[in-house]
**Q** 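One structure is given below, represented as structure tokens, and several questions about it will come after.
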Amino acid sequence: HDGTYYLYYCVSTGGKITSAIGVATNKTLDRRSADYAWKDHGIVVQSVPYRDLWNAIDPQLVVAADGTPWLAFGSFWAGLRLAKLAPDRTRLAEPQEWRALAKRERSVLIDDAEPEPASIEAPFIFRKDGYYYLFASWDHCCRGANSDYKVVVGRAREITGPYLDASDERMDKGGGTLLIKGNARWPGVGHNSVYTFDGRDYFVTHAYDARDRGWSKLKVLELSWNSAGWPTLDAGALDDADSTPNIPPGDPKQ
């Protein structure tokens, strides 16, 4: 953006809301350049146990049609959030503006320290044909062949929502249309992103290979759209798509 690369990263303690999202910038990605140097701008947003019921991980920078930058993020607890960024993209806008993107059912009587039920994470917002499409991952990653990750989707005319699924159920009230789930070979599929290359849209994700120790592997599937404007995937393409080895389940880098 304007000659600068932005890297949003997260740090967290597993299973707790002790998390933060920070940002670093660089003028170039060429390590041979004299200008190559990452500048860490520190924390953009932080979640604190018993203060917050959202978890500051899984960041995605998304730019609205009017050029306003927003940060989508979150996992488990009370779901996914959207916060407006300042024009420099390194801090929250002031006054702050927040939205709830998606949730799953969770009783208010559950201790705030408990992440479940309400397994949801990894928001990714993709703008196409006048809609913002919100992709979210339900259930569990990182359990190898026992993973049950899946991806649901909804859409909205405004980036702030509300996002509705194909049955007009709000995602911030538990809605979400299933886009893809795992199969016997690939039992968990999720934490996706979507990109357009040469006029074609692609769904980029990871899946766990039951035939290879449950390792996580990169999968790239072509994304199609039906007559009503909803994204569709051929789940059988999981077996045909190239698989790039990633890292074993349970690795802290996951």
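Hydrogens, waters and symmetry mates are skipped; everything else that's a heavy atom, side chains included, is used. All of these numbers come straight from a predicted model, not from anything done at the bench.
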**Q** Please give me the minimum heavy-atom distance between L92 and W98, naming the atom from each residue.
**A**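 Distance-wise, the nearest heavy atoms are CD1-CZ2, 4.0 Å.
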**Q** Enter the distance from I180:CD1 to L233:CG here, rounded to the nearest 0.5 Å.
**A**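 If we round to the nearest 0.5 Å, I180:CD1 and L233:CG are 5.0 Å apart.
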**Q** Do the non-hydrogen side-chain atoms of R200 and D198 ever get within less than 4.5 Å of each other?
**A**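 No; the side chains remain at least 4.5 Å from each other.
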**Q** Should T177 and V152 be marked as a side chain to side chain contact (heavy atoms under 4.5 Å, CB included) after you check the CA-CA gap, both sets of side-chain angles, and the distance that decides it?
**A** CA-CA 5 Å; T177 296; V152 300; 5.9 Å; no
**Q** With a 4.5 Å cut-off on side-chain heavy-atom distances among I, L, V, M, F, W and Y, is there a chain of contacts connecting L218 to F197?
**A**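 Result: yes, single cluster for both.
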**Q** Would W225 end up clustered with V204 when hydrophobic side chains under 4.5 Å apart are linked, directly or stepwise?
**A**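 Yes: a chain of side-chain contacts under 4.5 Å links W225 to V204.
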**Q** Are more than 12 heavy atoms, taken from residues, nucleotides or ligands other than R211, located less than 6.0 Å from that residue's CZ atom?
**A**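 Counting other residues, nucleotides and ligands, CZ of R211 stays at 12 neighbours or fewer.
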**Q** Taking the side chain as every heavy atom from C-beta outward, state whether P231 and K128 have any pair of such atoms under 4.5 Å apart.
**A**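 No - every pair of side-chain heavy atoms lies 4.5 Å or more apart.
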**Q** One thing to verify: whether D139 and R104 come together as a salt bridge, which I'm taking to mean a side-chain N less than 4.0 angstrom from a carboxylate O.
**A**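 A salt bridge links R104 with D139.
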**Q** Taking all non-hydrogen atoms of both residues, which atom of L80 and which atom of S75 are closest, and how far apart?
**A**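 Reported closest heavy-atom pair: CD2-N, 4.1 Å.
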**Q** Would a 4.5 Å heavy-atom cut-off, applied to side chains only, mark S193 and Y202 as touching?
**A**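 No - every pair of side-chain heavy atoms lies 4.5 Å or more apart.
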**Q** Salt bridge check, D30 against R32: does any charged N sit closer than 4.0 Å to a carboxylate O?
**A**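 Here R32 pairs with D30 in a salt bridge, since their nearest N and O are under 4.0 Å apart.
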**Q** Between S19 and N55, is there a side-chain donor-acceptor contact under 3.5 Å, judged purely by atom types and distance?
**A**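 Indeed, the side chains of N55 and S19 share at least one donor-acceptor pair under 3.5 Å.
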**Q** Given Y9 and D40, is the side chain to side chain contact (heavy atoms under 4.5 Å, CB included) satisfied, shown in steps?
**A** CA-CA 10 Å; Y9 61 88; D40 190 352; 2.8 Å; yes
**Q** Nearest 0.5 Å please: distance from the CG atom of L7 over to the NE2 atom of H41.
**A**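 Going from the CG atom of L7 to the NE2 atom of H41 covers 10.5 Å.
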**Q** Decide yes or no for V151 and F203: does some side-chain heavy atom of the first lie under 4.5 Å from some side-chain heavy atom of the second?
**A**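 Result yes, sub-4.5 Å side-chain heavy-atom pair found.
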**Q** Where is the tightest heavy-atom contact between P162 and A156, given as atom of each residue plus distance?
**A**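 Reported closest heavy-atom pair: O-CB, 3.3 Å.
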**Q** Distance alone, cut at 3.5 Å: any donor-acceptor contact between the side chains of Y149 and N192?
**A**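 The answer is no; no qualifying pair exists.
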**Q** Do Y50 and D111 have side chains that approach each other closer than 4.5 Å (heavy atoms only, starting at C-beta)?
**A**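 Heavy-atom side-chain distance check passes, below 4.5 Å.
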**Q** Would you mind reporting whether W138 and L178 have side-chain heavy atoms less than 4.5 Å apart?
**A**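 In short, these two side chains do not touch, never coming nearer than 4.5 Å.
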**Q** Please tell me if the side chains of K219 and L238 come closer than 4.5 Å, counting only heavy atoms from C-beta onward.
**A**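 Yes, their side chains come closer than 4.5 Å.
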**Q** Look at the side chain of R81 and the backbone N and O of A78, then say whether any donor-acceptor pair between them is shorter than 3.5 Å.
**A**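 Pair found, side chain donor or acceptor close to backbone of A78.
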**Q** Roughly how far, to the nearest 0.5 Å, is the CG atom of L71 from the CG atom of L61?
**A**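 The CG atom of L61 sits 7.0 Å away from the CG atom of L71.
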**Q** Under a 3.5 Å distance rule, please check whether S167 uses its side chain to pair with a backbone N or O of E169 as donor and acceptor.
**A**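 No, S167 side chain to E169 backbone: no donor-acceptor pair under 3.5 Å.
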**Q** State, without any angle test, whether W77 and D112 hold a side-chain donor-acceptor pair at a distance under 3.5 Å.
**A**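 No, D112 and W77 have no side-chain donor paired with an acceptor closer than 3.5 Å.
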**Q** Quick check against the 3.5 Å criterion: does E105 have a side-chain atom that pairs as donor or acceptor with the backbone of G174?
**A**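 No, because the side chain of E105 does not come within donor-acceptor range (under 3.5 Å) of the backbone of G174.
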**Q** Distance from K84 atom NZ to L82 atom CG, nearest 0.5 Å?
**A**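 Between K84 NZ and L82 CG, I get 10.0 Å after rounding to 0.5 Å.
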**Q** Can you tell me how far NZ of K217 sits from CG of D209, rounded to the nearest 0.5 angstrom?
**A**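 Taking CG in D209 and NZ in K217, the distance rounds to 4.0 Å.
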**Q** Which distance, rounded to the nearest 0.5 Å, do you find between the OG of S33 and the NZ of K27?
**A**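 Rounded to the nearest 0.5 Å, the OG-NZ separation comes to 9.5 Å.
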**Q** Quick check on the hydrophobic clustering: are V62 and Y6 connected, directly or via other members, by side-chain heavy-atom contacts under 4.5 Å?
**A**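 Different hydrophobic clusters.
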**Q** Would I17 end up clustered with V48 when hydrophobic side chains under 4.5 Å apart are linked, directly or stepwise?
**A**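 Unlinked, I17 and V48 end up in two clusters.
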**Q** Within the side chain of T205, is there an N or O that forms a donor-acceptor pair under 3.5 Å with the backbone of G190?
**A**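 Looks like yes, one N/O pair under 3.5 Å.
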**Q** Ignoring hydrogens, what is the shortest heavy-atom contact between F73 and P59? Give both atom names and the distance.
**A**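 Taking every non-hydrogen atom into account, CB-CA, 4.1 Å.
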**Q** Name the atoms and distances for all side-chain donor-acceptor pairs under 3.5 Å in residues 129-137, with sequence neighbours left out.
**A**
| from | atom 1 | to | atom 2 | distance (Å) |
| --- | --- | --- | --- | --- |
| Y131 | OH | R157 | NH2 | 3.2 |
| Y132 | OH | A65 | N | 2.8 |
| Y133 | OH | R155 | NH1 | 3.4 |
| Y133 | OH | G229 | O | 2.4 |
| S137 | OG | H191 | N | 2.7 |

**Q** Do side-chain atoms of Y163 reach the backbone of D172 as a donor and acceptor pair under 3.5 angstrom?
**A**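 No; judged by distance alone, with no hydrogens or angles, the pair does not exist.
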**Q** Can you tell me if S47 uses its side chain to pair, donor with acceptor, with the backbone of A56 under 3.5 Å?
**A**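 It does hold such a pair.
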**Q** Considering only heavy atoms from C-beta outward, does the side chain of T4 approach that of R89 to under 4.5 Å?
**A**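 Not in contact.
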**Q** How close do P187 and G144 get, heavy atom to heavy atom, and via which atoms?
**A**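 Of all heavy-atom pairs spanning P187 and G144, the closest is CG-O, 4.3 Å.
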**Q** May I ask you to decide if the ring planes of Y36 and W38 are parallel, tilted or perpendicular, using 30° and 60° as cut-offs?
**A**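 Ring orientation, 0 to 90° scale: perpendicular.
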**Q** Has D234 got a side-chain atom pairing as donor or acceptor with G236's backbone, closer than 3.5 angstrom?
**A**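 Present.
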**Q** Would one find more than 12 heavy atoms of other residues, nucleotides or ligands at under 6.0 Å from atom CD of E97?
**A**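 Yes.
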**Q** Mind running side chain to side chain contact (heavy atoms under 4.5 Å, CB included) on D66 and I159 for me, showing each step along the way?
**A** CA-CA 10 Å; D66 65 1; I159 194 170; over 6 Å; no
**Q** What's the verdict on side chain to side chain contact (heavy atoms under 4.5 Å, CB included) for F76 and H140, showing C-alpha distance, side-chain angles and the deciding distance?
**A** CA-CA 10 Å; F76 287 70; H140 307 90; 4.2 Å; yes
**Q** Taking a hydrophobic cluster as the set of Ile, Leu, Val, Met, Phe, Trp and Tyr residues connected by side-chain heavy atoms closer than 4.5 Å, whether directly or through intermediates, do I120 and I125 fall within one such cluster?
**A**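 Same hydrophobic cluster.
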**Q** For the residue pair G176 and D165, what are the closest heavy atoms and their distance?
**A**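 Closest pair (atom of G176, atom of D165, distance): N-OD2, 3.0 Å.
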